[in-house]
Amino acid sequence: MIKQELEFREAAVGEHSSGSGTVAKPATAVDATALAAVPVAKTSDSEGRTDVEPREERYRPADIEPRWQERWAAHPELYAAEPATSNKPKYYVLEMLPYPSGALHMGHVRNYSIGDALARYMWMQGHNVLHPMGWDAFGLPAENAALKNNTPPRDWTLANIAAMRRQMQRLGLGYDWQTEVTTCLPDYYRWNQWFFLRMYERGLAYRKKSKVNWCPQCATVLANEQVVNGCCWRHEEQIVEQRDLEQWFLRTTNYSQELLDGLEKLDQWPEKVKTMQRNWIGRSEGATVDFAVEAHGEDGIAEDAEADGSERKLRRDGKSVLPARAGTASNDKVSVFTTRIDTIYGATSLQLAPEHALVQQLVATDVKLAQEVTALLDQQKMAREAGEIGTIEKHGVFTGRYAINPFSGERLPIWVANYILAGYGAGAIMSVPAHDARDYEFAQKYGLEVRIVVLLRRTTEPTGNGVEESPMLPYTGEDSLLINSGEFNMLGCQEAQHKMASFAKDNGFGTPTVTYRLRDWGVSRQRYWGTPIPIVYCVKDGIVAVPDEQLPILLPQQVEITQQGGSPLGRIPSFVETTCPKCGGPARRETDTMDTFVDSSWYFYRYTSAKEASAPFDTSAVAYWFPIDQYIGGVEHAILHLIYSRFWTRMMRDLGLIKNDEPVARLFTQGMVIRGGSKMSKSKGNTVSPDDMIARYGADATRMYSLFATPPDRDLDWQEDGVAGVSRFLGKVHRLVMKHAPRARSSEPQPPTAAIPREVSPAGLKSLRKLHQTVRKITQDFQGRWHFNTSIAAIMELVNLLMLGEASMSSGEVSAVELRHILETLVLLLAPFAPYLSAELWEELGNTGDVLRQPWPAFDEELAREEEVELPVQINGKLRSVVCVPAGADEKTLTAAAMADQKIKAALDGKQVVKVIVVPGRAVNIVAR
RNA sequence: GCCCGGAUGGCGAAAUCGGCAGACGCAGCGGACUUAAAAUCCGCAGACCCGAAACGGUCGUGGGGGUUCAAGUCCCCCUCCGGGCACCA
């Protein structure tokens, strides 16, 4: 026994030490007999006894769980997917890969407990399951740790991965470690580079100088998606600065419309996530309209543009600046984007962003205006950096110039305003105070005319002497008719929008336009620990792509991480200095690295063929496994990772690599783990260590509590007493099964299909009925709402009932066949939630082969059906009695039973029955007067 | 401001269809076992009223109205909490 145990341990250690980069054996079907042949050695307990009578033994997870870990580690094929040739239906279940911070937190435990329960259920349902795990291993924390501890980022990261892999194995999570993906290793990130080159060839990756988000703490650029309320997504207090930098971008906007349309087909995604993505893409349908700028000095009025500020001030008095006729047009024009072209006759000014080209042109010759515009720009900048760009106090300044409304021919004063964003639409708007809340506010402040061109909805307010109509301004509804709009009068707003857009187009001063909020993805990062961008800058040839055969561009391992700015790679001459692939002359490498969201945009494709050396993945394996059947993770990635992944999938499809449009068929976003009212976090000091929980209560109880406490989509308030409760429950199961296992074993094992006993003893009937009801309930939970809290509650009810009937189990009134059926089914029901205990008890019941390879128990509707049900009887809707009636009784019988009840008779005394409502199986309600 | 969630005992929650509100668990209380404790097992447990008792009554699912024989569940209005978006023209 001891010798065997030692051999077993050695085997386990040998398998264990295979690092993530090592090529493991290919997956084979599980050999159940080989598995069974591996002895599970029992360690002696603390008092030195060597395994006394099992039935006396208490539930000690610390004794059970390590033995099974070793066995599972020695048999990685148990959790391995079968190849695409499998005749089982495929099921790809995936949890979001973690950043290897060094330790799992409870959020991870919860996420993985959900995924693992599902994977195990699907295995037992006879599916070919792919359930992989990997590491999002590039990123800034490794550099910070390097600074702090003087450890190379690679060493730190790989050590963390090893530690976390150990924790996952300790939790008993059933991952296929043979497909493990580690994004910081060259065999992975070389394909980031490869994809980058493919995108560069197609113009999907490009370099441009622009205003970018800069986080001083990260010392790098951030994508728009990584800025939350003007602050860094990693550093919530850190205001993001705007810097002008030359950066690499991926053309996500090429797919704006497709990313939006695709959401319609994702009917198994949470509505919330789809809404967030819709908002982020921010499609807006409208029109661009060109306003000619009135020629300079025309009509004796516009020459005032050259006049001093006091002159102009006079002109700011609303109507007085709007003469009936405009002068002649110059060659300049201002284009505006509007979603309400139907209100164009109500436009009383144009508002331009301070950065607008025309404004820049005007300030060149107008010192006073230049100062005012600079002030507006400063306000914008300050507001943006304070995260208050959304609530900036509106300021504006009249430029002294006028534009001509192409519909009405009217002159409109051109203003510059701080609330107009240069980066959206045309960077200029037509201001319609009567029908836009912002324009209204601005017009009120500066006394601009408010002209109503849409029939107002009126609210009627009763006043002291009758009814008074109060106009609602601004009126922004689109459900009314146009007025004061020339030939478009009396059209509905929506109809007018189409007609007026066509009119503008036909006359050459406008065009229907769709704008998006989505921006191209800035992927350059001025950091070391990421994928080098495979580009070289040559004095002669300029930007040159690194040829495929030179990939991977390896990240140098010897690097000094400092806090000084700039890309660390730029300080390594051996990396920077290279030769141009085109001319062979001296050239410099790109020293920025890629955003780590590149890594996670396609990692789940790599799992299908993680050892593929000649391509990012085996396309036939991807064709088999995709789309992912179930993806599980936190909602915080709704518009980061999940939108990038959808983009990347489409990009790969257009490269001809894959056929699917979407990576994920079904998405589940689990709730946060909170404690004491706020999210568990180190900074708040309210974390609970999974290791502590496992040490105290075992992995089974820790996992099961995370499923039992609340449904998986809600926030979970971690209460340690609850874990103790689940642990007590597992102890009950353990004791119950151990106690009765010897007699259960005395019956022959039944083949699964014939497992339901034909003959049911009177003593066993109650237990069997509850058993089959429980199977039904849990099966429904897995297929439906995933309310595992009620699944586990149902198992608890079952166990409570079985314990009440223990005497009949011991006495033999319940037959050995029945007993075996009951206990085995109980263990099978527990298998998705408590893998260790169920594996242990499965063997204890005299079975070989892993519990995971057993078919999920079937339920017998006949057996599950109650013979008698308790039926509430109400009088006038109030509960008055409960009667016991045969299940499935008809209305007549139910009415008779209700009327015959003593309490009902008494309550009806002296009353007249008006009618009786019978809902079979639900209730009887007697309406009486 | 707009869009999503949510609000049920001391606590986490349950009640897939409108049909016994509070399953299951935690904490609590009582009992059994024990010299004792722990562990375990059995039982009690929404609030209030009446009473010796209770398989007696009333109230009760954030608040107010409504629909219905019947509402935690459906409809209208409101409050609070959480999340997302936000001068995006």
Side-chain angles (χ1 to χ4, degrees), chain A residues 58 228-229 270-280 282-284 286 336-340 343 351 353 383 388-394 417-421 423-432 436-439 441-442 515-517 635-636 638-639 671-672 674 677 705 708-711 713-726 728-729 731-732 735 780-781 784-785 787 789-800 803-804 806 870-882 902-903 914-928:
Chain A
R58 270 187 52 205
V228 181
N229 290 330
E271 215 40 63
K272 179 190 171 111
V273 172
K274 289 193 282 186
T275 304
M276 285 167 70
Q277 291 209 357
R278 269 186 210 109
N279 288 341
W280 189 258
R283 183 192 150 101
S284 191
V336 306
F337 174 69
T338 177
T339 55
R340 291 298 304 274
T343 63
Q351 303 287 342
E388 288 163 0
I389 189 69
T391 51
I392 187 172
E393 195 191 336
K394 292 178 179 58
N418 64 352
Y419 71 99
I420 305 302
L421 307 171
Y424 183 80
I429 63 153
M430 61 178 203
S431 178
V432 186
D436 182 281
R438 298 153 298 183
D439 296 347
E441 186 191 334
F442 191 86
T515 62
Y516 298 91
R517 216 181 71 112
V635 75
E636 66 271 17
I639 47 175
M672 293 185 298
I674 60 175
Y705 169 72
F708 175 63
T710 196
D713 52 340
R714 280 202 229 175
D715 286 352
L716 187 164
D717 192 354
W718 193 270
Q719 294 185 9
E720 190 172 331
D721 285 336
V723 191
V726 172
R728 268 198 292 275
F729 164 70
K732 279 189 204 179
R735 194 190 55 74
Q780 284 167 354
D781 279 342
R785 299 189 306 166
H787 279 198
N789 54 331
T790 62
S791 308
I792 293 166
I795 302 177
M796 288 173 171
E797 281 185 60
L798 171 66
V799 169
N800 289 344
M803 286 181 65
L804 288 175
E806 266 199 276
E870 287 191 332
L871 192 75
V873 182
Q874 303 167 324
I875 294 173
N876 296 334
K878 284 193 188 283
L879 181 73
R880 285 290 177 255
S881 186
V882 177
Q902 285 307 317
K903 276 195 272 178
V914 179
K915 70 176 170 182
V916 180
I917 291 153
V918 182
V919 187
R922 289 292 198 178
V924 174
N925 190 15
I926 300 163
V927 186

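In what follows, every heavy atom counts, from backbone to side chain, and hydrogens, waters and symmetry copies are set aside. By convention in this document, chain letters (A, B, ...) are assigned in the order of the sequence lines, proteins followed by strands, and residues within each chain are numbered from 1.
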Could you check whether A/E806 gets within reach of a base, just the sugar-phosphate, or nothing at all, counting any heavy atom under 4.0 Å?
nothing

Between B/A14 atom C1' and A/I792 atom CD1, what is the distance in whole Å?
14 Å

Any side-chain donor paired with an acceptor under 3.5 Å for A/T790 and A/D781?
yes

Under 3.5 Å on both distances, the Watson-Crick or G-U partner of B/G43:
B/C29

Polar atom pairs (N or O), protein with nucleotides 37-41 of chain B, under 3.5 Å:
none

Starting at atom CD1 of A/I875, determine the distance to atom P of B/G57, rounded to an integer number of angstrom.
10 Å

Report the nucleotide, chosen from B/G12, B/C69, B/A89, that has the shortest atom-to-atom distance to any side-chain atom of A/S284.
B/A89

Using a cut-off of 4.0 Å on non-hydrogen atoms, how would the nucleic acid contact of A/Q351 be classed: base, sugar-phosphate, or nothing?
nothing

B/U40 and B/A52: how far apart are their P atoms, nearest whole angstrom?
40 Å

Flag the pair A/Y419 / A/I429 as yes when at least one side-chain heavy-atom distance between them is below 4.5 Å, and no otherwise.
yes

B/G25 phosphate, OP1 or OP2: any side-chain N/O from A/N800 under 4.0 angstrom?
yes

Determine the interatomic distance between P on B/C80 and the same-named atom on B/A21; round to the nearest Å.
32 Å

I'd like the P distance from B/C33 over to B/C26, given in whole Å.
24 Å

How many whole angstroms separate atom NZ of A/K272 from atom P of B/C85?
10 Å

Syn/anti state of B/C76 by chi, 90° boundary around 0
anti

Assign A/G784 to base, sugar-phosphate, or nothing according to its heavy-atom contacts below 4.0 angstrom with the strands shown.
nothing

Tell me: CZ of A/R880 to P of B/A70, nearest whole Å?
14 Å

Respond yes when some side-chain nitrogen or oxygen of A/T710 is under 4.0 Å from OP1 or OP2 of B/A13, and no when none is.
yes

Show me the protein contacts with nucleotides 52-56 of chain B, counting only N or O atoms at under 3.5 Å.
{"from": "B/C55", "atom 1": "O2'", "to": "A/K903", "atom 2": "NZ", "distance (Å)": "2.8"}

Using a 4.0 Å heavy-atom cut-off across all strands, classify A/I420 as base, sugar-phosphate, or nothing.
base

Under the salt bridge (charged side-chain N to carboxylate O under 4.0 Å, His left out) test, residues paired with A/D439 that sit two or more places apart:
none

In Watson-Crick or G-U wobble terms, both distances under 3.5 Å, what is the partner of B/G5?
B/C81

Using Watson-Crick geometry (N1-N3 plus N6-O4 or O6-N4) or G-U wobble (N1-O2, O6-N3), each under 3.5 Å, B/U34 is paired with none

Rounded distance in Å - CE (A/M796) to C1' (B/A13):
12 Å

Which value, in whole Å, describes the distance between the C1' atoms of nucleotides B/C77 and B/U67?
15 Å

Taking the same atom, P, in B/G19 and in B/A38, what whole-Å distance lies between them?
44 Å

Considering heavy-atom distances to RNA chain B, does A/L804 or A/A428 have its closest nucleotide positioned more toward the 5' end?
A/L804

Considering only the C1' atoms, how many Å lie between B/A23 and B/U8, rounded to the nearest integer?
13 Å

Output all residues satisfying side-chain contact (heavy atoms from CB on, under 4.5 Å) with A/R278, sequence neighbours left out; order by chain, then residue number.
A/L260, A/L263, A/E264, A/E271, A/K274, A/T275

When every non-hydrogen atom of A/F442 is compared with those of A/A417, the smallest separation belongs to CE1-CB, 4.1 Å

Can you tell me how far P in B/G84 sits from the matching atom in B/G63, rounded to whole Å?
28 Å

Can you find a side chain N or O atom of A/R714 that sits less than 4.0 Å from OP1 or OP2 on B/C81?
no

Chi class for B/G9: syn within 90° of 0, otherwise anti
syn

Ring centre gap for A/F729 and A/F708 strictly below 6.0 Å
no

What's the verdict on side-chain hydrogen bond (donor to acceptor under 3.5 Å, both in side chains) for A/Y516 and A/S284, showing C-alpha distance, side-chain angles and the deciding distance?
CA-CA 6 Å; A/Y516 298 91; A/S284 191; over 6 Å; no

Identify the pairs formed between an N or O of the protein and an N or O of nucleotides 17-23 of chain B at a distance under 3.5 Å, and give each distance.
{"from": "B/C17", "atom 1": "N3", "to": "A/R922", "atom 2": "NH2", "distance (Å)": "3.4"}
{"from": "B/G19", "atom 1": "O2'", "to": "A/R922", "atom 2": "O", "distance (Å)": "3.2"}
{"from": "B/G19", "atom 1": "N2", "to": "A/Q874", "atom 2": "OE1", "distance (Å)": "3.0"}
{"from": "B/A23", "atom 1": "O2'", "to": "A/E797", "atom 2": "OE2", "distance (Å)": "3.1"}

Looking at B/U61, which nucleotide sits across from it as a Watson-Crick or G-U wobble partner, both distances under 3.5 angstrom, or is there none?
none

Out of curiosity, A/E393 CD to A/E441 CD, how far, rounded to the nearest 0.5 Å?
8.0 Å

C1' atom, B/G28 versus B/G64: distance in rounded Å?
36 Å

Can you list everything that forms a side-chain contact (heavy atoms from CB on, under 4.5 Å) with A/K915? Sequence neighbours excluded, please.
A/I917, A/V927

Go ahead and name the base partner of B/C17; Watson-Crick or wobble counts if both distances stay under 3.5 Å, otherwise write none.
none

Nearest-0.5 Å distance that lies between atom CG in A/D717 and atom CD1 in A/I674:
4.5 Å

Sugar-phosphate, base or nothing in reach of A/D439, heavy atoms under 4.0 Å
nothing

With nearest nucleotide decided by heavy atoms, which residue, A/G722 or A/T275, maps closer to the 5′ end of RNA chain B?
A/T275

